[in-house]
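So you know, we letter chains A, B, ... as the sequences are listed, proteins then strands, and number each from 1.
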Amino acid sequence: MTPFNLKAIDFQWLPILPLITIALAAIVVLLVGVRVDDEESEGLGWLAAASIAIAFVLTLAMSGQNTSAFSGSIAIDDFAVFFELAILFVAAFVVLMSLSYATETRLPGAEYYSLILFAALGMMLMAAAGDLIIIFIGLETMSIAIYVLAGLKRSDPRSNEAAIKYFLLGAFSTGFLLYGIALVYGATGTIKLEPIRNALAHGIGLGSPLLLLGVGMMLIGFGFKIAAVPFHMWTPDAYEGAPTPITAYMATGVKLAAFAGFLRVFPLHLSAISADWTWVLWIMAALTMTVGNVVALVQTNIKRMLAYSAIAHAGYLLVAMAAAVPEAGAAMLFYLVGYVVANLGAFGVVIALERRGISNDMIEDYRGLAQREPALAAAMTIFLLSFTGVPPLVGFVGKFYIFSGALQGGLIWLVVIAVLNSVMAAYYYIYVIVAMYMQEGGVAVRSMTLRPGLVATIAIALIATILIGVYPSPYMNAASTAFNSALGLGPIHAASLLP
Amino acid sequence: MPATLFIFLAVVSIITSLGVVVQRNPIHCLLALILTLIAIGALFLALDAVVVGFLQIIVYVGAIMVLFLFVIWLLNLQVEAVPTGSLAVKFFATIAAAGVAAELFVFFSKTTGALGGVTVAAGYGSIDSLAQTLFGQYLMAFETTSILLLVAVIGAVAIARRTIPERERDAPTRGTPT
Amino acid sequence: MTVHFPALGLILLFPALGFLFNLFYGARWGRGWVNIVGPGVVFASFAIVVVAFIRLVTLPAGSVLSVTLWQWIHAGPFRADFTLQFDALSALMALVVTGVGALIHVYSVGYMAHDEDFARYFAYLNLFELSMLILVLADNLVFMFMGWEGVGLCSYLLISFWYANQSFAYAGRKAFVVNRVGDAGFLVGMFMIVAALGSHGLWTLNFAMLRANANLFTTQTATIAAILLVVGATGKSAQIPLYVWLPDAMVGPTPVSALIHAATMVTAGVYMVARLHFFFMLAPVAMELVATIGAVTAIYAASIALVQTDIKKVLAYSTISQLGYMFLGVGVGAFSAGIFHVMTHAFFKALLFLCAGSVIHALDGEQDMYKMGGLRTKLPITYETMFIATLTISAIPPFAGFFSKDQILESVYNSGHHGLWVLGIITAAMTSFYMFRLIFLTFFGDSRVDSEKVAHIHESPSVMTAPLIVLAVLSIAGGWVGLPEHVLWGNRLNAFLAPSVGEFTPIMQGGVFMLTGVSLGLAVLGIIAAWYFYLVAPGMPYLIAYQLQSAYNVMLNKYYVDELYNLIVTRPLFWISTMVLGRVVDSFIIDGLVDGAGLTVETGGQLSRRMETGNVQQYAFVYVLGVLAIVAYYLYLVTH
Amino acid sequence: MMTVSYSWVMALSAAIFAIGVAGVLLRRNILIMFMSIELMLNAVNLAFVAMARRMGSMDGQVIVFFVMTVAAAEAAVGLAIIISIFRNRETVNADELNLMRW
Amino acid sequence: MGSGILTLLVFTPLVGALFVLLQQEERSIWNSAFIFSLLPLAISCYLFRAFDPSQAGYQFVEQFNWIPQFGISYHLGLDGISLVLVVLTTILISLSLLYSGGGDIDHRPREFCFFMLALETGLLGTLLAVDLFLFYMFWELMLFPMYFLIGIWGHGRPIYAAVKFVLYTMIGSFMMLAAIIYLVMTYHAHTGALTFDLPMLYNTQMTTTEARWMFAAFALAFAIKVPMWPVHTWLPDAHTNAPTAGSVILAGVMLKMGTYGFLRFAIPLFPAVAIEATPLFMALAVIGIIYGALVAMVQPDLKRLIAYSSVSHLGFVMLGIFAFNLQGIDGAVYQMLNHGISTGALFLLVGMIYLRRHTREISEFGGLWHSVPIYAAVFMLAMLSSIGLPGLNGFVGEFLIMLGSYVQSWQAVAFAVTGVILGALYMLWTYERVMYGPITKKVNETIRDLNAREIATMVPLMALMIVMGLYPNFIIRRMEPSIAEVIARVHSAQVRIDEEHRATHLAHTSFPFRQGKGLGVKSWGSNS
């Protein structure tokens with residue numbers, strides 16, 4: 001029996017400090033929360049938000065390094081930091097927009113906020129994962145928390161249904177993801193990402209059927225999480241049924257984490273065999289954009305519409321991924337930021353317009369909103385226009401960046417498809433604007449009290465949507481630094497990457 | 001591993017897993033699943049995965065499956081009275097599943113290599129070597145798993161907890177038979 | 001020799017000021033002011049023209065007065081400026097335009113004495129004077145085109161002056177649109193000239209430049225361009241095939257008919273051909289065309305005039321016919337003869353119209369000659385002046401018309417166009433016939449005036465009769481500036497115009513007396529026939545009309561040309577626009593494609609939406625389909 | 001004695017995996033669908049163990065350990081969700097869970 | 001660097017828009033909006049005076065780094081072509097606001113003024129941007145205010161029209177975005193410099209195929225905006241349903257963005273393709289001229305009629321542009337101004353009568369001259385300007401266009417000239433049906449004539465019609481050097497093409513397939 005050598009353990013506190021903070025906070029929130037009435041859970045929310053802020057600062061402090069910890073299980077690079085910051089940002093705003101929602105819909109506050117924090121933890125793990133198993137566990141941590149959060153309106157059959165559908169398909173696709181991991185493991189002999197990259201670079205496993213099948217299975221697994229067609233079917237139902245802040249969380253946080261994992265695995269560590277997966281992504285991107293937009297076109301429920309729109313946006317992101325050039329990777333990061341910001345804002349507006357207990361989320365309910373709630377309508381308009389890709393909003397710059405990346409990779413036709421899709425998308429986004437500004441009627445609801453948290457969410461999202469759009473330069477820098485740091489490159493100017 | 005053993009376990013696991021899919025009574029399904037798991041556990045043992053093989057039987061069969069059993073009893077699930085779903089759906093679903101199987105078979109027919117090709121070190125699959133790896137290479141994953149389980153507990157409680165009183169006034173849930 | 005003469009600008013300035021005054025202040029300041037300012041500005045212009053004319057004749061022959069008002073269009077090397085030139089041809093035209101114009105303005109004061117809209121009327125009339133002066137004084141084609149379209153506009157405005165009447169409005173539009181058809185040809189002709197010179201580095205439409213560089217044109221270019229310009233001329237001068245607007249234009253106030261549709265505007269085509277004579281000389285085919293159009297139009301219009309009953313319609317067709325003579329003249333190269341006839345025609349046709357106006361005025365708007373008769377005593381001045389004009393138009397010596405018409409016919413004969421000459425003299429006979437028919441029906445015989453109007457018949461006020469008298473004098477003596485060669489002082493006009501329009505070069509020399517005799521004889525024959533038909537045996541016309549009913553009807557209905565145009569141009573155009581372009585192409589095909597694309601997407605959306613059945617197993621099924629596809633792809637990669 | 005080829009084990013794992021997929025697609029009872037998913041996970045586990053054995057590496061076995069944990073966690077949450085569904089709707093039939101569609 | 005005056009010009013309206021949002025009282029909303037629209041007008045007038053006509057390049061240039069990662073800069077500049085359009089824009093916006101305050105907009109005035117002023121920023125920015133990215137940004141930015149203007153304050157089927165307008169435009173503009181990016185990458189591939197700066201991109205080397213595709217994308221975007229036949233069908237709907245001010249700006253300025261785009265971007269960037277495509281565009285332009293006129297002729301709705309007449313007029317503009325000579329393009333740019341002024345005036349006039357009668361059906365009118373003589377007179381002038389009567393502005397443009405085109409293709413002019421005839425036909429016929437004849441409807445007897453505010457709106461336009469007709473040089477002089485530059489680019493491309501024809505087999509064989517530009521996929525992180 002070999003004595004266990006404690007020194008051999010590559011244990012570092014620092015890189016997981018934010019994670020620990022979040023975990024501790026989640027536990028504290030839970031423990032405190034059991035004594036708090038569900039209708040007074042706002043304090044718990046502030047607590048959660050505060051802890052997120054602390055974790056945010058801690059994460060920020062980690063930037064600029066390029067190492068790993070825990071025997072390569074945890075990557076400490078700007079890529080991880082970028083995504084962790086984004087995830088924390090999202091989590092914070094989901095908490096903020098929940099403050100009024102949770103109390104008014106009587107969600108169990110303790111579980112609610114702690115699960116949000118746990119989900120964030122899972123997401124951050126995915127972002128910082130250095131091996132496939134961490135990605136898997138992070139994914140499961142996140143997913144399980146989200147399944148529960150989606151079903152947390154226990155008496156609402158829609159919420160139940162959202163949870164079970166998401167859960168069943170989620171577990172189903174877990175099988176595929178795992179199978180993929182198993183096969184890649186079989187082909188390369190390791191599940192750590194860095195060694196996989198090295199193995200492939202040295203020709204180990206190249207051309208192995210196992211590797212190819214493994215790649216395919218992992219594509220399926222990630223495809224499910226990012227809601228790519230044809231693995232997208234759960235999305236609208238889950239989005240519609242879940243409590244709205246959780247829908248926002250799914251649309252933003254889960255997407256961020258899934259793309260973090262996806263990017264980490266595929267473009268960053270399987271680049272040696274990119275020829276083997278770009279075509280799949282090509283088709284998937286085209287299908288995802290088209291189906292997402294086409295079906296979004298005929299939706300009548302705004303949450304469902306946003307769900308399909310989220311699918312479509314995943315499609316745009318896949319366009320960049322299919323391009324498989326560094327510039328496109330950075331573009332994805334930037335695009336995600338823009339997408340997340342606008343989505344948070346849009347869901348914030350949706351929440352603000354929900355009545356106590358009764359959802360108010362048919363598009364026709366938005367008619368005449370500009371008259372009743374000019375500020376909310378204006379904000380919603382800006383978010384929708386950002387989705388459409390109208391300059392100078394962040395969505396436009398993101399699209400521009402994505403298209404640049406894709407053209408860099410030579411995907412002209414895919415870009416053309418994306419362009420046509422953007423026009424289609426314009427139609428349904430604009431239709432909401434039509435309802436708000438140009439039609440009369442709708443339900444004059446007593447909207448949910450605009451608490452500071454919600455107002456702050458919408459306001460900050462609004463400012464960010466405009467500001468990042470007008471002055472995107474620093475964020476582009478951050479995105480490209482982040483992406484390239486995971487490639488093992490320093491901060492680089494976009495131009496220097498070009499042929 | 002002797003081929004005969006493998007074939008025996010393979011046949012058992014396939015038959016029992018088919019049983020999961022085709023039987024009507026949930027209890028029977030569950031029993032079939034348990035048998036499958038045991039057969040797979042035996043395969044683990046045969047593949048020098050001693051610890052994992054026992055864990056399979058203890059944890060999986062012993063804990064998880066019992067959970068299933070509880071739920072079946074809790075919900076008082078009966079035999080599905082009539083086969084539901086249209087025949088066409090079943091047909092296409094079967095085709096699709098068979099397609100998956102066929103594709104995977106073709107794939108693995110392309111792979112080669114005997115199982116015994118690598119002589120494993122002594123102690124391979126032992127609890128010692130497992131622990132070495134688990135707490136060395138995979139410490140982070142291990143620690144994280146604790147969080148995962150915590151989440152699962154919180155989640156399960158949060159969602160399965162009986163409804164809050166006032167909610168019952170709003171929309172009385174039907175009493176669950178206990 | 002070009003002499004800077006800034007006062008030329010004043011010629012334009014006065015009518016322009018008059019226009020603005022009448023437009024903005026006329027109605028407010030009242031009839032008194034308008035009656036002074038309206039004609040006053042034209043007299044002022046006339047005075048300047050006279051001054052300029054005197055200056056011109058003191059200079060050596062071939063001199064030009066000129067002034068550049070300001071730069072207009074400078075695009076790249078192309079230049080077109082607001083430059084006025086005052087040479088012999090312009091001088092003559094300007095004298096006619098301002099002189100006759102002034103008289104008609106005066107006449108209008110009386111004619112419009114009872115009309116509410118006098119201010120607008122004089123505004124238009126002043127604007128017309130302005131445009132017409134631009135037309136004749138412009139030193140380049142573009143500037144001239146501005147006048148050309150301007151007079152068309154004024155014609156439009158004045159024809160539909162009494163806008164409340166739907167058919168008047170229609171007549172106005174018809175005039176403008178038909179003119180536009182001609183103008184389009186004119187424009188293309190201009191482009192062709194510019195392009196042809198442009199290829200030699202000369203980007204201009206200046207007359208002097210064109211004339212100096214006429215050698216740069218090939219015959220082909222010149223021919224096509226000239227024909228295109230002729231299209232413009234036929235529009236403005238109401239020649240076949242674009243004459244149709246002029247008869248309808250008679251619905252305007254009668255002084256307008258006199259000024260615009262007889263004396264000045266309609267002669268613009270002739271003026272243009274004469275102005276560009278050097279260019280037309282390069283294109284014999286175009287010249288032939290002009291001559292032929294002229295001759296055919298002359299006889300054609302005359303034949304219609306034979307049977308018209310509306311007094312103004314007769315004069316209108318007569319105008320078309322006389323314009324045909326002018327075309328005939330310039331077409332055979334006798335430019336100065338053509339211009340000579342422009343001048344005399346301005347006198348006598350203006351007079352005829354004004355007299356007709358006087359008659360109509362007296363009869364409260366009655367225009368049907370069969371409801372007149374015996375007015376000789378009641379309207380003595382009108383009768384006398386009109387009789388003089390009729391003699392003039394019938395080319396009875398020594399009235400003005402005789403000299404000009406005779407000169408044209410002689411030139412036609414001498415240029416070898418004997419066929420056209422025959423048409424010309426037949427027309428001459430017809431002219432005297434229908435003109436005397438008019439006189440006899442109106443002033444002789446028994447009164448057929450509606451009984452309730454009889455009491456009101458009165459001679460026009462002196463403000464109207466005075467211009468008649470002046471014009472009558474001109475109709476008599478106006479022709480004496482162009483006596484046949486070797487008679488007394490000879491053809492002074494010809495000599496005066498020669499530097500501007502060149503000399504007529506006959507290819508043969510017909511007997512002067514023979515030619516004159518034949519045409520004179522025919523004219524007299526026409527008079528006698530009219531006398532016989534309408535005074536001696538008034539039943540005869542009916543009999544003939546009855547005998548030749550179909551021919552009569554064809555003529556009475558103006559050869560059904562309006563109906564023909566309607567059938568082959570207007571209606572198909574509207575039909576195509578509405579049915580084919582509007583409904584089929586625009587709404588059905590293009591919008592159908594656009595909306596169809598949208599609809600396809602939406603239908604696709606609705607269909608794929610149905611895939612979301614809410615059933616989680618179907619979701620899984622779709623999922624597995626995706627799995628199958630992806631695995632199949634990798635299987636393909638592995639096996640290949 | 002015939003050696004068991006490593007691809008045989010993979011084939012077995014594929015077969016069980018496919019049977020699991022079939023179960024998910026065919027069974028209306030969400031509980032049994034969930035059982036089928038467990039089958040799929042076990043098939044994956046088998047693959048992991050086989051791979052680990054082939055390369056003589058322990059990593060695969062460790063992963064199986066994690067997969068079991070995850071399976072347990074999923075089972076807990078999944079069953080809880082099923083219970084909550086059953087409380088509201090008194091059914092575990094997937095066909096009847098279609099409040100939200102289109 | 002720069003004086004900042006262009007930035008001031010572009011963003012003053014935006015500041016005004018935000019300022020207007022703060023106003024509460026309706027009067028102060030209109031007043032402040034109008035005053036804020038006068039400021040850019042004043043600036044643009046100053047620029048017009050200060051502009052140096054002898055210079056071809058950009059003046060008052062401002063340039064700052066904006067997104068250095070992409071070589072995108074905030075680069076504004078003013079040349080002769082944009083100068084005149086800027087002045088037109090500021091004038092028309094001011095007049096539209098002046099007019100709209102007089103009762104045309106009866107609800108939500110604050111938002112109306114906001115969108116009008118925001119629109120002005122978009123329009124001015126589009127005209128002044130020298131950086132392609134910046135240009136695209138403003139290009140899209142002008143779309144949405146107009147969409148709201150149509151959708152909220154429109155009549156009839158405003159939503160259908162607004163959405164159609166946006167989607168139609170977006171198809172083209174997104175394609176253009178893709179082409180812009182592709183162009184920049186092509187430039188980068190050849191020179192190693194990443195820039196969106198227009199003057200630099202003029203020198204991009206590209207293969208003929210690439211150029212064709214990119215030109216097609218640019219041309220599609222601009223052709224939709226112009227609109228050229230057959231992508232014009234959004235226009236009648238948009239115009240008919242838009243509020244008066246919307247129609248004025250739409251016709252007066254926005255359509256010019258399409259032609260401006262051709263002149264500034266599509267043609268100078270891809271001169272060789274433009275030359276190649278000349279027959280096509282001339283044919284489309286001529287079809288547009290005739291088609292627009294014919295369909296306009298039979299429209300029963302006044303606004304629809306004017307909308308179709310725009311198709312016809314813009315056909316002339318396109319014809320002139322593709323003449324590729326000074327006369328043609330001078331005329332085209334001049335015609336852009338003319339169309340802005342005369343069609344703007346006509347739309348205002350239709351709006352005025354709509355305000356009184358709440359209908360635009362021609363058959364509802366008749367004999368209006370009797371009851372509204374001033375209106376009739378103003379209408380007459382606008383109409384004459386529109387049909388190109390010499391002495392008014394329309395003629396100068398049409399004349400130069402046809403003159404220039406004649407040199408290029410006499411066939412085109414032979415057909416286009418029918419547009420001159422038809423133009424007169426449908427305008428006069430409309431005028432006749434509306435103004436002339438007896439009053440057939442009782443209500444028409446009592447409608448009131450133009451009030452002071454309306455006259456004040458029309459007077460500047462009328463003055464421009466006359467002044468520009470009589471003295472066009474003060475405008476042509478300023479824009480000609482810039483136009484000459486465009487032509488020079490086309491001509492040098494022509495020279496190149498000719499040379500290539502001479503030196504056969506050398507050029508035009510396949511270019512080597514450049515890495516990362518074709519469909520080949522470059523791998524990630526090639527250095528690891």
(Q) For the residue pair E:Asn473 / C:Trp72, report whether a side-chain donor-acceptor contact shorter than 3.5 Å exists. (A) no
Q | Region of E:Leu392 in contact with chain C, defined by heavy-atom distances below 4.5 Å | A | neither
Q. Of the backbone (N, CA, C, O) and the side chain (C-beta and beyond), which part of E:Tyr160 lies under 4.5 Å from a heavy atom of chain C, both, or neither?
A. side chain
Q. Do C:Arg173's NZ or CZ and the ring of C:Tyr156 fall within the cation-pi criteria of under 6.0 Å and 45°?
A. no
Q) Aromatic rings E:Tyr406 and C:Phe191: how do their planes relate, parallel, tilted or perpendicular, breaks at 30° and 60°? A) tilted
**Q.** Which atoms of E:Ile476 approach chain C - backbone, side chain, both or neither, heavy atom under 4.5 Å
**A.** side chain
Q | Contacts with chain C made by residues 368-376 of chain E (heavy-atom distance under 4.5 Å), listed by residue number | A | E:Trp369, E:His370
Q. Taking only residues two or more places apart in sequence, or in another chain, which ones meet E:Pro53 in a side chain to side chain contact (heavy atoms under 4.5 Å, CB included)?
A. E:Arg477, E:Arg478
Q: Locate the shortest heavy-atom distance separating C:Asp248 from C:Ala171; write the atom from each residue and the value.
A: O-CB, 3.4 Å
Q.
Show me the pairs that pass salt bridge (Lys or Arg N to Asp or Glu O under 4.0 Å) and involve residues 381-401 of chain E, at least two apart or across chains.
A. none
Q. What residue in E:Val231, E:Ile387, E:Ile329 has the most heavy-atom pairs under 4.5 Å with chain C?
A. E:Ile387
Q.
Quiz question: by atom type and distance under 3.5 Å, do the side chains of E:Ser309 and E:Ser312 form a donor-acceptor pair?
A. no
Q) Where on E:Asn325 is there a heavy atom nearer than 4.5 Å to chain C: the side chain, the backbone, both, or neither? A) neither
Q: Check for a donor-acceptor pair, side chain of E:Glu480 on one end and backbone N or O of E:Leu326 on the other, with a separation under 3.5 Å.
A: no
Q: Name the region of E:Met380, side chain, backbone, both or neither, that has any atom closer than 4.5 Å to a heavy atom of chain C.
A: side chain
Q. Which residues in residues 164-172 of chain E have a heavy atom less than 4.5 Å from any heavy atom of chain C?
A. E:Lys164, E:Tyr168
Q.
I'd like to know which of C:Leu157, C:Ile73, C:Val188, C:Val194 tops the heavy-atom pair count under 4.5 Å against chain E.
A. C:Ile73
Q) Mind checking whether E:Tyr436 and C:Tyr163 have parallel, tilted or perpendicular rings, split at 30° and 60°? A) parallel
(Q) Would the distance check show the side chain of C:Ser131 and the main-chain N or O of C:Leu127 forming a donor-acceptor pair, the cut-off being under 3.5 Å? (A) yes
